[in-house]
Amino acid sequence: MLALNASMFIVTIMSDSNNLEVSSVRQILLLLADGNFHSGEELGLLLGVSRAAIWKHLQKLEGLGVKLVSIKGRGYCLEGGLDLLDFDSIASQLDSSLPLKLHLFPHIDSTNSYLMRHESPALNVCLAESQSAGRGRRGRAWVSPFAQNIYCSIGWGFDGGVAVLGGLSLVVGLVVVRALQRFGVTGLELKWPNDVLYQDRKLAGVLIEMTGDPAGYCQVVIGVGINVDMADDASLTITQPWIDLREIVDQQKLSRISRNELAAALIDELVKVLSDYEQQGFASYCAEWESFNAHTGFMVELINGSNISSGVCLGVNEIGALVLETSTGKETFQGGEISLRRR
Ligand code: BTN
C-alpha cells in the first residue's frame, strides 16, 4: 500500500507563503519525468541519500502505479516521461486575487471525498495525480491512473439549497467545454446532464455532491474528471466508450495541451461561472448548453431505475431539465440518477 504522506503537496494560493513541501519522492519524479535514464548514483546525489534509500523511494513510486524501466548499468527511466502537475505553473496561470485554496496531492482516495471531509466556506480546489477510489455518477468507479488525466474537485459553500443543483450540474459540463475550447478543441458535445463527449465517446464526466441544509446553506463539491492521456492498461477497466484528449489533439492537429494548462483553464472557468451562476441560475446558460446538446432531435431513452421513458429529445429548459416529446406529449425530466441513451 501507498506510504506517502497525503498532505505533503498541500499548497495554497490564498496567502503569499506557499508551504509546498517538496518530498524526496517528488524530487525523483521530477527528475525522471524527462523520460531519460538516470542512475541510482545520480538520484542518490540529488537527494543526499544512499542507493538503498533511493530504491525504497522507487518502490513507493511503483506503489503509485508509476511504471519504471530499470536497466543495469543505465539506471531508471520513465518511458515516455511524465507530465506532472505543478503548483507554481497552475498558480501562475490563475488570477492571484481569487480567494482560492489549492490542494495538490500525489495520491488520494478521491478529490471529491477529500473536500467532503474538509467542509469550508472558502473556495477550495483539490487536484490529485491519482485516485484510489475515484467515483463516478450512479455508483460507478472513475478510473484514475497516475499523472495521466485531470482529477479536480471544487468545494464551495452557497445559499441555494438542493434546487440549484440540477442546473449547476449542466453548467459544469459547459465549463469543461469552454476550458477545452481555449486550446482550439472543436466538435465537443454534451450529453445530459453533464457528460462531455467527442464522436459519441466520453471525454469528461462531472460528479456533484452536497451536504448541509437541502433548503438553505449547503456545501457543494463539484468533481470533474477529464481523460487526457490514458494508458492502455488503465483503460481496460472502463466499461463505456471513451476517448482521451491526446487522441482528439492528434486528430485535430492541435498543439499539445499540458495538464497544468488544462487544470488552470478548468479552475479559472469554473470559478468565474460559479459566482455568476449563484446570481443568474441556469437560464443564462441554456442556449449555449443547447448548442452542444448531442441528442436534440434524436429518439432517446431515459432510464430511471426500472422505468424507461422514450421520446424525441427537444432539448433542455431554463432550469436544466430535459424535455422529451413522448407518445403522451411533452415531458420534462430532472437530474438524479437518470441515464440517457440514444435509441
Ligand atoms: C461521471 O461518472 O461521469 C462522473 C465522473 C467524475 C470523476 C471525478 S474525478 C475528480 C472527482 N473525484 C471523484 O472521485 N470523482 C470526480
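Indexing begins at 1, ligand by ligand and atom by atom, following the structure's order.
- When atom types are taken as modelled, the side chain of Trp289 and the backbone of Leu170 share a donor-acceptor pair closer than 3.5 angstrom.
- Ordered by chain and residue number, the residues placing a heavy atom less than 4.0 Å from ligand 1 are Ser110, Thr111, Asn112, Gln131, Gly134, Arg135, Gly136, Arg137, Trp142, Tyr151, Cys152, Ser153, Asp195, Lys202, Gly205, Val206, Leu207, Gly223, Val224, Gly225.
- The shortest non-hydrogen separation linking Asn149 to Asp229 is OD1-N, 3.5 Å.
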Residue pair Tyr151, Glu129: steps toward the side-chain hydrogen bond (donor to acceptor under 3.5 Å, both in side chains) verdict: CA-CA 7 Å; Tyr151 319 115; Glu129 293 285 15; over 6 Å; no
Given side-chain hydrogen bond (donor to acceptor under 3.5 Å, both in side chains), test Arg74 with Ser39 step by step and report yes or no. CA-CA 6 Å; Arg74 295 190 69 191; Ser39 67; over 6 Å; no
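- Distance alone, capped at 3.5 Å, is enough to place a donor-acceptor pair between the Asp86 side chain and the Ser89 backbone.
- Here the two rings, on Tyr114 and His103, have centers that are under 6.0 Å apart.
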